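Keep in mind that the numbers below use all heavy atoms, side chains included, and drop hydrogens, waters and symmetry copies. Treat the numbers as computed from the prediction; the structure is a model and nothing was measured.
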Amino acid sequence: MRNPSILSATPSSSSAKTPSAPLQAKTRVPSRGGVVLFDACQIGVVLRAVLFVEVVVAVTTLFLAPTLSEWLLLAATVTGGALPGTLLWLLVACALKKLLARLPLQVQYGTGAVLGAVAGLYGCALLRLTGVVGGAPWVASALAGALFAGLMMAALVLRARGQTPAATTARLEELQSRIRPHFLFNTLNSAIALVREEPAKAEAMLEDLSELFRQALADPGESVTLADEIALAQRYLAIEQVRFGERLRIRWDIDPEANAARLPPLLLQPLVENAVKHGVEPSPEGAKLRIRTERRGSMVLIEVLNSLPPLRWADQPLPRGHGIALDNVRDRLRLLHDMQAQFSAGMDQKSYRVRIAIPAET
């Protein structure tokens with residue numbers, strides 16, 4: 001039977017016991033149809049596309065305008081057609097994302113290029129209808145739109161391919177962190193000590209350790225739910241609770257509406273492990289640890305807060321281990337959610353706070 005002091009506010013049973021449900025990668029490059037080749041729905045993609053078009057327009061018009069005033073006028077004129085065409089391509093590509101995911105790769109490439117040509121013709125038509133240009137360059141506009149679409153798709157595919165080794169490296173680092181020899185040694189020693197006096201607690205402890213290894217060795221895909229990550233962190237803290245006893249004081253503030261948000265796998269547990277390592281271990285009195293989740297509109301907030309030993313927050317720097325793990329988390333969040341993810345970490349009075357904001361699952 002589990003130690004009742006482990007959780008002061010336990011998440012709902014559905015969130016704590018839900019098994020990992022791997023989600024197929026949204027932008028992973030597949031060998032056949034079934035996954036969308038490019039995802040134009042992300043805010044970061046939209047901003048980069050608009051910026052790229054504006055840079056191309058600005059550089060191209062420099063060849064045609066001899067003076068600064070003429071260049072500004074010409075750039076504004078071309079932008080009046082290029083920008084609406086770009087936004088049209090992004091909007092249609094986003095709306096057709098699920099449909100495109102069912103198509104083979106070659107068809108997805110072709111569809112993106114055709115949409116780019118249509119968007120180029122749309123921009124040219126706007127300039128023609130408003131009387132900005134007299135003779136409309138239809139062919140050139142269609143080819144320019146198709147070329148832009150091809151460059152955008154290539155950039156998104158390269159980003160998806162670059163995500164695979166980065167995620168693999170991060171996963172191996174977390175695996176090495178999780179099965180640290182001294183953590184395994186302490187866990188087994190604690191279980192051995194409990195076998196005779198409290199066999200049920202020893203059994204539960206070994207079950208938690210087994211689940212940690214199972215998750216570390218599994219291949220859950222690009223993302224998992226926040227509920228899955230919370231359940232895994234609970235198992236880790238259940239083991240540490242046996243080790244530290246009353247020195248580890250845990251508080252859970254879990255919002256069930258936030259449980260469906262997607263996170264990179266094996267992301268929350270290293271943050272909790274850092275909190276134990278830098279908050280509880282160095283302090284004879286122990287420390288308080290708080291894990292909080294909350295849904296605010298279209299975003300989900302995740303906070304891991306741990307108190308620190310008095311000398312640690314007063315005038316001593318944090319160990320380097322904090323920075324390595326936090327950089328890992330920051331990079332993996334950026335790969336999954338791009339510019340929609342927010343990450344911050346630092347001192348908050350006598351505590352250390354890690355705060356994450358990610359899009360809520362709709």
Between Val118 and Val53, is there a shared hydrophobic cluster once you connect ILVMFWY residues whose side-chain heavy atoms come closer than 4.5 Å? no
Salt bridge check, Arg247 against Glu281: does any charged N sit closer than 4.0 Å to a carboxylate O? no
Dump the intermediate steps for side-chain contact (heavy atoms from CB on, under 4.5 Å) on Arg290 and Asp253, then the final yes or no. CA-CA 8 Å; Arg290 182 188 182 193; Asp253 295 322; 2.8 Å; yes
From the options Val56, Leu72, Leu74, select the one residue that forms a side-chain contact (heavy atoms from CB on, under 4.5 Å) with Thr61. Leu74
Indicate, with yes or no, if Val78 and Leu62 share a hydrophobic cluster defined by side-chain heavy-atom contacts under 4.5 Å among Ile, Leu, Val, Met, Phe, Trp and Tyr. no
How close do Leu226 and Ala258 get, counting heavy atoms only, and between which atoms? CD2-O, 3.4 Å
Test item: side-chain donor near acceptor, Ser351 and Asp348, under 3.5 Å: no
Just how far is it from atom CG of Leu263 to atom CG of Leu333, taken to the nearest 0.5 Å? 6.5 Å
What I'd like to find out is whether the side chain of Lys277 reaches to under 4.5 Å of the side chain of Pro270, using heavy atoms alone. no
Looking at Ile230, is its backbone amide N or carbonyl O close enough to the side chain of Trp252 to form a donor-acceptor pair, meaning the two atoms are under 3.5 Å apart? no
Contact between Val354 and Leu305 at the side-chain level, heavy atoms closer than 4.5 Å - yes or no? no
ILVMFWY network linking Val114 to Leu147, side-chain heavy atoms under 4.5 angstrom: no
Side chains of Gln241 and Ile250 in contact at under 4.5 Å (non-hydrogen atoms): yes
List the steps and the verdict of side-chain contact (heavy atoms from CB on, under 4.5 Å) for Arg243 and Leu248. CA-CA 9 Å; Arg243 177 186 171 194; Leu248 176 57; over 6 Å; no
Side-chain contact test, heavy atoms from C-beta onward, threshold under 4.5 Å: evaluate it for Arg251 versus Ile291 and give yes or no. no
For the atom pair CD1 (Ile358) and NE2 (His337), what is the distance rounded to the nearest 0.5 Å? 4.5 Å
What's the spacing between Leu271 CG and Tyr352 OH if we round to 0.5 Å? 10.0 Å
Does a sphere of radius 6.0 Å around CD in Glu257 hold more than 12 heavy atoms from other residues, nucleotides or ligands, not counting ones at 6.0 Å or beyond? no
Which atom pair, heavy atoms only, marks the closest approach of Gly297 to Ala360? O-CB, 4.4 Å
Side chain proximity check, Trp71 to Leu64, heavy atoms < 4.5 angstrom: no
Indicate yes or no for a side-chain donor-acceptor contact from Thr293 to the backbone of Ile254 under 3.5 Å, with no hydrogens or angles considered. no
Rounded to the nearest 0.5 Å, what's the gap from CG on Asn306 to CG on Leu289? Could you check? 6.5 Å
Short question: side chain of Thr79, backbone of Ala75 - any donor-acceptor pair under 3.5 Å? yes
To the nearest 0.5 Å, what is the distance between OG (Ser344) and CZ (Arg330)? 9.0 Å
Under the side-chain contact (heavy atoms from CB on, under 4.5 Å) criterion, do Arg355 and Leu301 qualify, and how do the steps go? CA-CA 7 Å; Arg355 186 176 185 273; Leu301 302 182; 3.4 Å; yes
Can you tell whether the side chains of Arg353 and Glu303 come within less than 4.0 Å, N to carboxylate O? yes
Taking it one step at a time, do Thr225 and Asp228 satisfy side-chain contact (heavy atoms from CB on, under 4.5 Å)? CA-CA 5 Å; Thr225 64; Asp228 293 331; 2.9 Å; yes
Is there a continuous path of hydrophobic side-chain contacts, each under 4.5 Å between heavy atoms, that joins Leu91 to Leu99? no
What heavy-atom pair brings Lys288 and Ser307 nearest, and what distance separates the two atoms? N-OG, 2.8 Å
Compare all side-chain heavy atoms of Phe343 with those of Leu326 and state whether any distance is below 4.5 angstrom. yes
Could you grab the distance from atom CG of Leu87 to atom OH of Tyr122, nearest 0.5 Å is fine? 9.0 Å
Do Val57 and Leu151 belong to the same hydrophobic cluster, where Ile, Leu, Val, Met, Phe, Trp and Tyr are linked whenever their side-chain heavy atoms lie under 4.5 Å apart, directly or via other members? yes
Where the side chain of Glu229 meets the backbone of Leu267, is there a donor-acceptor pair that is under 3.5 Å apart? yes
What is the minimum heavy-atom distance between Tyr109 and Met153, and which atoms define it? O-CE, 3.5 Å
Specify the closest pair of heavy atoms between Gly279 and Leu308, including all atoms of both residues, with the distance to one decimal. CA-CD2, 4.2 Å
All heavy atoms of Pro359 vs all of Ala261, minimum pair found to be O-CB, 4.0 Å
Would you find a donor on one side and an acceptor on the other, under 3.5 Å apart, between the side chain of Glu294 and the backbone of Val300? no
Short question: side chain of Arg295, backbone of Asn259 - any donor-acceptor pair under 3.5 Å? no
According to the interplanar angle, ranging from 0 to 90°, do the rings of Phe148 and Trp89 count as parallel (below 30°), tilted (30 to 60°) or perpendicular (above 60°)? perpendicular
